[in-house]
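Because only heavy atoms are used, hydrogens play no part in the values below, and waters and symmetry mates are left out as well, while side chains stay in.
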Amino acid sequence: MEPWESITAERLHLADLLDTLTDEQWSTPSLCSGWRVRDVAGHLIQPISTRFLLARFALDMIVERGSFDRVNQRATARCATRPTADLVATLRRHA
């Protein structure tokens, strides 16, 4: 299997798995310190999200004084507020 085919299959599998989670499971802490499952999903769709704009990134970089980590946390938090169905659909659509 080609690498991109494998990545696509894994992303689709993840979307299928996320689609089965309850609201409580979406709020479960993940293995990423301080992030819930919802935050991890938000992080995964952040670069492909239509709400992720270069201008917003630039503004966040100014606000966060050039800290890419804090910008990433800020953008992830924004994406994680999206409805559950939207997170899954976006991940699936861009698999």
_Applying side-chain hydrogen bond (donor to acceptor under 3.5 Å, both in side chains) to R11 and T8, what does each step give before you reach the verdict?_
CA-CA 5 Å; R11 288 178 179 174; T8 297; over 6 Å; no
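Listed by chain and residue number, nothing satisfies the side chain to side chain donor-acceptor pair (under 3.5 Å) test with D19 (two or more places apart in sequence, or in another chain). Applying the salt bridge (charged side-chain N to carboxylate O under 4.0 Å, His left out) rule to E64 yields the partners R70, R74; only residues at least two apart in sequence or on another chain are considered. Take S27 and apply the side chain to side chain contact (heavy atoms under 4.5 Å, CB included) test, not counting sequence neighbours, and it matches no residue. In terms of the salt bridge (charged side-chain N to carboxylate O under 4.0 Å, His left out) criterion, residue partners of R36 (sequence neighbours excluded) are, by chain and number, D39. Under the rule for a side chain to side chain donor-acceptor pair (under 3.5 Å), T20 has no partner lying at least two apart in sequence or in another chain.
Residues T76 and Q73 fail the side-chain proximity criterion, which asks for heavy atoms closer than 4.5 Å. With contacts defined as side-chain heavy-atom distances shorter than 4.5 Å, the pair D16/R92 qualifies.
Residue pairs meeting the ring pair (Phe, Tyr, Trp, His ring centres under 6.0 Å) criterion with at least one member in residues 61-86: none, sequence neighbours excluded.
Evaluated for a side chain to side chain contact (heavy atoms under 4.5 Å, CB included) with L87, the options I45, V40, L44, V37 yield exactly one hit, I45.
Note that CG of D23 is 10.5 Å distant from OG1 of T28, once rounded to the nearest 0.5 Å.
What you find for G42 and C79 is that their closest heavy atoms are O-CB, 3.4 Å. Between T22 and Q25, the shortest heavy-atom distance links the atoms N-OE1, 2.8 Å. Between L18 and A41 the shortest heavy-atom distance is CD1-CB, 4.2 Å.
Counting heavy atoms of neighbouring residues, nucleotides and ligands inside a 6.0 Å radius, atom CG of L31 does not exceed 12 of them.
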